[in-house]
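Right, one structure below, let's go through it.
Position 1 is the first residue of the sequence; numbering continues from there. Order of listing sets the numbers, starting from 1, for every ligand and every atom in it.
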Amino acid sequence: MIPVLIVLNAGSSSLKFQVFDLQDGEEPRLVWKGLYEGLGGSAHFLVKDTNSALLDEMTWGSGDRFGHEEALIHLVSWLSQFKDDRKPVAIGHRVVHGGEAFSSPVLVDEAIIKKLETLVPLAPLHQPHNLEPIRIVRRRLPGMPQVACFDTAFHQTQSDIASLFALPREMRESGVRRYGFHGLSYDYIASVLKDYDPRLKEGRVIVAHLGNGASLCAFKDGVSIATTMGFSALDGLPMGTRCGAIDAGVVFFMLREMKLSPEAAERMLYTKSGLLGVSGLSNDMRVLRTNAGTNADAKRAIDLFVYRITREIGSLVAALGGLDGLVFTAGIGENDVATRAEVIAGLAWAGLTLDAAANSAGGPRISTGSGPTAWVIPTNEELVIARQTRSVLGAAQARLAS
Ligand code: ADP
């Protein structure tokens, strides 16, 4: 029997999963990955093997009331058909917010769920969806160990000053501080830097996680010392549909002068802004690149994205006291040759020089010369969840055995 881990990443209408084999002393090994989308409406399931070959798919009609609970039950039953000699031994969950209490992954029990629920106000658009499958699994598979892995935890190494807002002290005491996100992605990059260049592990490195959500993180000696996202995942860079950092005065203007409700203002900042808002066309970088030659607003959206990335990198170089390496990762960072070239062109002052041929080829190293190096490194957040789940499980078993 091969023990397997299930890794879940739940959104409002989607559930992404990956299944990893666990062998003693070896890195968890991916066997299947898939997703349910359109949950609550017309749901669709698909699952692929490690060569991205489609293994199975299924669609449900909107009358089927197929939600997260039905998806989890379906997944367990699908696994029991395809399991070969495999047995799920634990489930690892992506949880966006660990607050101040959780600086590392944790084995979930009722008390932990209660604590995680208190963090919903800090991430109202994400945390409830992350917690739902945890509750469902406790109800439907009560003996199954579950581990919560946090997007915020990687940034707990930041100094008090780096995480502080210039607000009255009682605000800090209520948990209003910079937390930072995309920590599972940064954790993965930190774990593989040495395989690309051993000097980066101890160096001053900026990682640009540029996906639908986007942020930058400054690493010193492989740990986070500063990041662009703050109290919420709205801060920092402009993103697919999120505005990134804006003057807080804009929010008062929206509420007081434009008479938007807090919910409408929040919706605008999270879902109608960023690349989508500026272009009026799309949140998808591929669509914007295709149209930038003929559509001035698509070009403006890209130009603003690149300008903000370049400016924020300047700020993080100051926080680091210099720069040894720059890493691009996630959907845009891994695939959009032009964004990488434009960002590096804006960083000539920092000594970065683009290797255009290597950049077109996708890296891994995309810089030349003796200055800081630039890299393309694919991220793997699910593997980090699998690693963390196994390590928490191992520690729990060791505690039980002693
Ligand atoms: P998420 O944050 O949802 O995980 P991803 O990391 O998948 O997002 O990134 C999605 C972004 O990556 C989209 O803007 C998409 O256009 C962009 N992207 C994906 N593939 C390419 C590509 N080949 N060229 C340019 N952009 C790409």
Legend entry - Within the 6.0 Å centroid threshold, strictly below: Phe45 and His74: yes
Inset, instruction - Please identify which atoms of ligand 1 are closer than 4.0 Å to at least one heavy atom of Gly331. - result: 5 (P), 6 (O), 9 (O), 12 (O), 17 (C), 18 (N), 19 (C), 27 (C)
Inset, instruction - Determine whether Leu275 and Asp284 make a side-chain contact, defined as any pair of heavy atoms from C-beta on separated by less than 4.5 Å. - result: no
Inset, instruction - Note the single closest protein heavy atom to atom 23 (N) of ligand 1, along with its residue, its atom name and the distance in Å. - result: Asn335 CB, 3.4 Å
Inset, instruction - Heavy-atom contacts with Gly213 under 4.0 Å: which atoms of ligand 1 show up? List them by number with element. - result: 2 (O)
Inset, instruction - Kindly confirm or rule out an N or O of Ile332 lying under 3.5 angstrom from an N or O of ligand 1. - result: yes
Legend entry - Contact atoms of ligand 1, heavy-atom distance to Ala330 under 4.0 Å: 6 (O)
Inset, instruction - Could you tell me whether Asn212 and ligand 1 have an N or O pair separated by under 3.5 Å? - result: yes
Legend entry - ligand 1 atoms in contact with Asn283 (distance to a heavy atom under 4.0 Å): 14 (O)
Inset, instruction - For the residue pair Leu30 and Leu383, establish whether any side-chain heavy-atom pair is separated by less than 4.5 Å. - result: no
Inset, instruction - Kindly indicate whether the side chain of Ser191, heavy atoms from C-beta on, has any atom under 4.5 Å from the side chain of Arg387. - result: yes
Inset, instruction - Tell me which protein heavy atom sits closest to atom 15 (C) of ligand 1, plus the residue, atom name and distance to 0.1 Å. - result: Asp284 OD1, 3.6 Å
Legend entry - Mode of Val287 contact toward ligand 1 - side chain, backbone, both, neither (heavy atoms, under 4.0 Å): neither
Legend entry - Pair Asp303 + Lys299, salt bridge at N-O below 4.0 Å: yes
Legend entry - atom 4 (O) of ligand 1 protein-contacted, heavy-atom criterion under 4.0 angstrom: no
Inset, instruction - Please examine the side chains of Phe20 and Trp32, heavy atoms only from C-beta on, and report whether any two atoms are closer than 4.5 Å. - result: no
Inset, instruction - If you have a sec, work out which protein heavy atom is nearest atom 13 (C) of ligand 1 and how many Å separate them, to one decimal? - result: Met285 N, 4.1 Å
Legend entry - Protein contact to atom 26 (N) of ligand 1 [nearest heavy atom, distance to 0.1 Å]: Arg286 CG, 3.7 Å
Legend entry - Heavy-atom side-chain contact between Ser367 and Thr373 under 4.5 Å: yes
Legend entry - Pair Phe181 and His97, ring centroids less than 6.0 Å apart: yes
Legend entry - Audit row: Gln388, Leu184, side chain to side chain contact (heavy atoms under 4.5 Å, CB included) steps and yes/no: CA-CA 10 Å; Gln388 294 187 349; Leu184 297 165; 3.8 Å; yes
Inset, instruction - Would you check the N or O atoms of His209, main chain and side chain alike, for any that come under 3.5 Å of an N or O of ligand 1? - result: no
